[in-house]
There are 2 protein chains.
Amino acid sequence: MDSPRLDRTDLAILAELQREGRLSNADLAERVKLSPSACLRRVQRLEQTGVLAGYTALIDPAKLGLGLQAFVRVQLARHDADVVATFTSRVNRWDEVVACHALTGEMDYLLHVVVQDLEHFSRFLLDHLLNASGVADVNSSFVLRTVKQARGLPLGHLG
Amino acid sequence: MDSPRLDRTDLAILAELQREGRLSNADLAERVKLSPSACLRRVQRLEQTGVLAGYTALIDPAKLGLGLQAFVRVQLARHDADVVATFTSRVNRWDEVVACHALTGEMDYLLHVVVQDLEHFSRFLLDHLLNASGVADVNSSFVLRTVKQARGLPLGHLG
DNA sequence: GATGAAACACACATATA
DNA sequence: TATATGTGTGTTTCATC
């Protein structure tokens, strides 16, 4: 699981799989100019070393009725280990929270929340977040428009 | 491309493909208790209607040397159509910005930025963001720890 | 269910460093 | 020497009709 050096071919493989996660090994090999077996070996190595952490389907939230997204800034009252542990474990249990980061600056945590509508968000806020112990302050901003949603990471600056 | 009704089986298909994007149709069919052909028909319909927008590989940023993430709040000086259009088109060109949302509240835009290190971030800030016309204020918070990163959307509350 | 195409697991010779 | 590649073979599994 230690860090392997990645050459341009590895980066090309990652870029292609990031763009099209269900590419067949044969097509992938052709695009990165490798034989299928050599290509498969590299992909398996990337998977084993954890560089390739998995694959996922991209789903349109609006088409599912998940029409409201919000970013919620959370401050904790204290930062004892147990307060933090309790909060983060709850965050991990709340399905509506698709991402949560601890940040520098005045906001302690930034939560990315995906819900159906304002009523659903209100329930999440009142029943879960504001009800959680140790939460000192909460500040919500709703997503008006998603200007950009890249498919994965910027690989252009590497190699 | 109009909105199709989704039953529990469709949601189960989406959940499985979100969890494991390269599931074979045979395995997927077994997990959602369908015949392979019926399952394939549903998946193709979900793809055609845009509910399934694509597939992607999940890559570990740290293992690639992308060790620093930041959330950058941006305020524009004005909100003329052309100022906004210029800004959003630039955001879409900057590879380091993996996501950008227009938000309610005091911050106009929230940018999720992924870079190699502080020096790379500094270059992004000075050369690109602060250099962009119409940007009135910028406020950066760095990611100390990613507490949660869900694989996709919360599907449990639907159906 | 049938069939044509992949994936996958080997072996081995070659090339590159 | 050690590592990665290309080719080739065969078997298994899959997508698709």
Side-chain angles (χ1 to χ4, degrees), chain A residues 1-60 63-64 151-153 155-159, chain B residues 1-2 4-66 116 151-153 155:
Chain A
M1 204 68 79
D2 51 343
S3 64
R5 307 182 204 77
L6 301 177
D7 60 15
R8 294 138 218 89
T9 305
D10 288 316
L11 290 174
I13 288 173
L14 293 174
E16 290 295 336
L17 285 178
Q18 200 172 238
R19 217 169 57 81
E20 183 54 60
R22 294 200 65 149
L23 258 187
S24 76
N25 182 61
D27 285 352
L28 178 60
E30 191 178 358
R31 295 197 196 183
V32 302
K33 303 188 201 317
L34 280 183
S35 73
S37 64
C39 184
L40 185 61
R41 268 194 295 268
R42 278 180 185 259
V43 170
Q44 288 172 337
R45 194 171 58 93
L46 290 168
E47 289 173 348
Q48 280 161 12
T49 54
V51 177
L52 263 169
Y55 304 87
T56 189
L58 300 172
I59 302 174
D60 185 337
K63 292 222 165 86
L64 272 183
R151 183 168 292 202
L153 302 171
L155 304 179
H157 294 269
L158 308 167
Chain B
M1 204 68 76
D2 51 344
R5 307 182 203 79
L6 302 176
D7 60 16
R8 293 138 219 86
T9 304
D10 288 317
L11 289 174
I13 288 172
L14 294 174
E16 290 295 335
L17 286 178
Q18 200 172 239
R19 217 168 58 81
E20 183 54 61
R22 294 199 64 148
L23 259 187
S24 74
N25 181 63
D27 284 352
L28 178 60
E30 191 179 358
R31 295 197 196 182
V32 303
K33 302 188 202 318
L34 281 182
S35 74
S37 60
C39 184
L40 186 62
R41 261 195 303 274
R42 280 181 185 254
V43 170
Q44 288 172 338
R45 193 171 59 93
L46 290 168
E47 288 172 348
Q48 281 162 11
T49 54
V51 177
L52 263 170
Y55 304 88
T56 189
L58 301 172
I59 301 174
D60 185 337
K63 292 222 166 86
L64 273 182
L66 294 168
Q116 301 170 249
R151 184 170 292 203
L153 302 171
L155 304 179

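Only heavy atoms go into these numbers, but all of them, side chains included; no hydrogens, no water, no symmetry mates. Numbers restart at 1 for each chain; the letters A, B, ... are given by sequence-line order, proteins then strands.
Rounded to a whole Å, the CD atom of A:Glu30 is 14 Å from the C1' atom of C:dA6. Rounded to whole angstrom, the span from the CG atom of A:Leu23 across to the C1' atom of C:dA5 amounts to 16 Å. Distance A:Asp27 CG to D:dC14 P: 19 Å, rounded to the nearest Å. Rounded to whole Å, atom P of D:dT13 lies 16 Å from atom CG of B:Asn25. The interatomic distance linking A:Ile13 (CD1) with D:dA4 (C1') rounds to 12 Å, in whole Å. Taking atom CG of residue B:Leu40 and atom P of nucleotide D:dC17, one finds them 8 Å apart after rounding to whole Å. Distance A:Glu47 CD to C:dA7 C1': 13 Å, rounded to the nearest Å.
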Item to check | Protein-to-nucleotide contact annotation, 5' to 3' order, nucleotides 10-17 of chain C [B base; S sugar-phosphate only; - none; under 4.0 Å, heavy atom] | outcome: --------

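Put simply, A:Gln44 has no side-chain N or O that comes within less than 4.0 Å of OP1 or OP2 on C:dC8.
Of the residues B:Ile13, B:Asp27, B:Leu11, the one that meets the side chain to side chain contact (heavy atoms under 4.5 Å, CB included) test with B:Val32 is B:Ile13.
DNA chain D is contacted by both A:Arg22 and A:Lys33; A:Lys33 maps to the nucleotide lying nearer its 5′ end (nearest heavy atom per residue).
Within the 4.0 angstrom heavy-atom criterion, only backbone atoms of the sugar-phosphate kind lie near A:Ser24; the bases stay farther away.
With a 6.0 Å radius and a threshold of 12 heavy atoms from other residues, nucleotides or ligands, B:Glu30 has its CD atom at or below the threshold.
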